[in-house]
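Order of listing sets the numbers, starting from 1, for every ligand and every atom in it. Bear in mind that the values here come from a model prediction, so they are computed numbers and not experimental data.
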Amino acid sequence: MKIQSEAIVRPARNISGSVELPGDKSISHRYAMLAGIAEGPSSLENYSTGADCASTLGCMRALGVAWERKAEGQNTIEVQGRGLSLGAPTDPLDCGNSGSTMRMLSGIVSGQHFTSEMMGDESLSRRPMERVIKPLSAMGAQIDSQQGKPPLRITGGSLKPIDYKMPVASAQVKSCLMFAGLFADGESRIEEPLRTRDHGEVALRAFGVKLDRKSAGPGSEVRIRGGQRLHGLETRIPGDISSAAFFLCAAAIFPGSQLVIPNLLMNPTRARLLDILMQMGLRISVTQLDEIHGELVGSLQVEGGKLKGIAIAGADSAALIDEIPVLAAIAPFTEQGIEVRDAKELRVKESDRIAAVATNLRLMGAQVEEREDGLEIPGGQTLHGAELDSFSDHRIAMAFAVAALRAEGETLIRGAESAAISYPAFFNTLEELSER
Ligand code: S3P
């Protein structure tokens, strides 16, 4: 049984201090999977502390990959890769709450000569999987599902290459198909309609895979040949920018904030949030830019200011998909408000994030217009403390902890334990950074 916990967030005066983030969730998943199918050992320092990335490691172990933590309490994972051929699991692969685990790993198990079952929790069981089932089936995998939803039963084998234009902009699907492409007999081409995060491409290259990439209209295309062997990787994972988003937005709502964030992921396909917050009035300077195996890392110095409103639409909505909940949660504190369009994908995340944001903002007394593909939230509003629900969604729990800092009175967040899906230390760290 899941143990539910509540968090109480009191209003703050400012955000001040320095915070270094655990390793990026998107990169941690991909490195753990690729390390498992590499030849030889890998060492992944600053691996994500989130439960989602632990789900990926659990699945890799069930597929016969040996790994261990370097030392108790440390976030360095040492993986013994076993090459492209994994071991048949004896039990269903438990993906927990993690859509990334199920979607990306389905590409790898589709290339294995055995049957795997993949299951998840209640939220994951509601999420659409036809976006991977359709192309993987076209490559030759046999997949049974519950009308396109988990659990999945995948019988893999030698795959045919695919030439595929993805109908939805999804980095998880893109990575799934590139991973499956490693097991195909020939070259696969995968095209995305809008540019999404490119950690799959960057990680494959870091593990020694050759692939061709180019832009294709507003999106991009990747070509990858099957049968390539991966070598192990020794690296350090940059801090998670989607987790940093909560502290950046918390700093943004107080003009006197001062925040330092060292070793943060600055990959251009993830860093749109920084441009948007700067356009809104936050002062951000970046120092010590560095590149680690193709991923950009930098240190941020952040100062609050007056916060203007903004409209987020089109390619920005895809680029900011994980950060929109917290941007929307602070929208009432901006001068002109925030409008979000073209973000229908938010309805099929860990919760229906459009509905969850609208419900919680209204409970705090805000005026909100909810639309099928977004939200319109006027600025210049005052919020009051309220009793809110996380909807069992980590990003909703954290987004409203941030909004609560500038509300009048205390806010209670039910299901606050969900934060541990991506960032177990979140509530403690937020408390440490909040000046009262
Ligand atoms: C992710 C991609 C996004 C994002 C998710 C992680 C990834 O999902 O919402 O949290 O690591 O590729 P989609 O690619 O399905 O939009």
Side-chain angles (χ1 to χ4, degrees), residues 23-34 47-48 50-53 55-56 95-108 120 123-124 126-135 148-150 166-179 190-204 219-220 222 237-238 240-246 265 267 269-270 272-273 295 312 315-327 340 342-354 356 373 393-399 418-419 421-423:
D24 185 71
K25 176 160 99 65
S26 292
I27 298 178
S28 296
H29 283 301
R30 287 164 172 86
Y31 281 180
M33 290 179 200
L34 296 181
Y47 189 81
S48 164
D52 268 8
C53 294
S55 293
T56 289
C95 302
N97 189 244
S98 175
S100 300
T101 307
M102 189 172 285
R103 295 198 180 117
M104 297 196 280
L105 198 54
S106 66
I108 292 177
S123 146
L124 183 53
R126 286 194 301 265
R127 297 184 64 189
M129 292 296 147
E130 75 278 7
R131 53 186 68 190
V132 293
I133 296 174
K134 197 171 158 230
K149 308 247 162 86
M166 301 177 352
V168 229
S170 162
Q172 294 175 352
V173 176
K174 178 175 57 169
S175 288
C176 162
L177 298 179
M178 290 188 297
F179 294 175
I190 300 129
E191 187 180 332
E192 56 180 355
L194 291 173
R195 241 181 113 94
T196 64
R197 61 193 75 189
D198 66 356
H199 305 302
E201 296 89 312
V202 172
L204 281 162
S220 77
V222 187
I237 301 172
D240 192 320
I241 188 166
S242 299
S243 298
F246 299 102
L265 176 69
N267 176 316
T269 62
R270 290 288 295 287
R272 187 76 185 118
L273 175 72
E295 292 290 2
I312 299 168
D316 275 349
S317 297
L320 290 163
I321 199 72
D322 290 341
E323 291 80 41
I324 289 174
V326 65
L327 282 168
V340 178
D342 307 319
K344 214 169 151 200
E345 273 292 300
L346 287 175
R347 294 213 179 262
V348 290
K349 293 290 178 189
E350 287 84 329
S351 69
D352 175 342
R353 287 181 172 162
I354 294 178
D373 70 339
D393 183 330
H394 54 130
R395 297 209 197 275
I396 297 299
M398 294 188 278
S418 304
I421 287 297
S422 56
Y423 191 6

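- At least one side-chain heavy atom of H199 sits less than 4.5 Å from a side-chain heavy atom of L265.
- Residue S100 touches ligand 1 through its side chain alone, judged by heavy-atom distances below 4.0 Å.
- Of all atoms in ligand 1, numbered sequentially from 1 with element shown, those under 4.0 Å from a heavy atom of A171 are 12 (O), 14 (O).
- Every atom of ligand 1 is numbered from 1 in the order shown, and the set under 4.0 Å from a heavy atom of I321 is 9 (O).
- Looking only at heavy atoms of the protein, atom 15 (O) of ligand 1 is closest to S170 OG, 3.0 Å.
- Side-chain contact between I396 and P325 is present, with at least one heavy-atom pair separated by less than 4.5 Å.
- At a 3.5 angstrom cut-off on N or O pairs, D322 counts as close to ligand 1.
- Contact annotation: for H199 versus ligand 1, there are no heavy atoms closer than 4.0 Å.
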### Task
Start with the C-alpha gap between R131 and E345, add the side-chain angles, then the distance that decides, and say whether salt bridge (charged side-chain N to carboxylate O under 4.0 Å, His left out) holds.
CA-CA 12 Å; R131 53 186 68 190; E345 273 292 300; 2.9 Å; yes
### Message
salt bridge (charged side-chain N to carboxylate O under 4.0 Å, His left out), that's the test. Do R347 and D352 meet it? Break it down for me.
### Response
CA-CA 4 Å; R347 294 213 179 262; D352 175 342; 2.9 Å; yes
### Query
Under the salt bridge (charged side-chain N to carboxylate O under 4.0 Å, His left out) criterion, do D316 and R272 qualify, and how do the steps go?
CA-CA 8 Å; D316 275 349; R272 187 76 185 118; 2.5 Å; yes
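- No side-chain N or O of D342 forms a donor-acceptor pair with one of S317 less than 3.5 Å apart.
- Only the side chain of R197 comes within contact range of ligand 1, with a heavy atom under 4.0 Å; no backbone atom does.
- Annotation: atom 12 (O) of ligand 1 to nearest protein heavy atom, R30 NH2, 2.6 Å.
- Shortest contact from atom 16 (O) of ligand 1 to any protein heavy atom: K349 NZ, 3.0 Å.
- Here's the thing with Q172: one of its N/O atoms is less than 3.5 angstrom from an N/O atom of ligand 1.
- Side-chain atoms of M102 and R127, non-hydrogen and from C-beta on, never get closer than 4.5 Å to each other.
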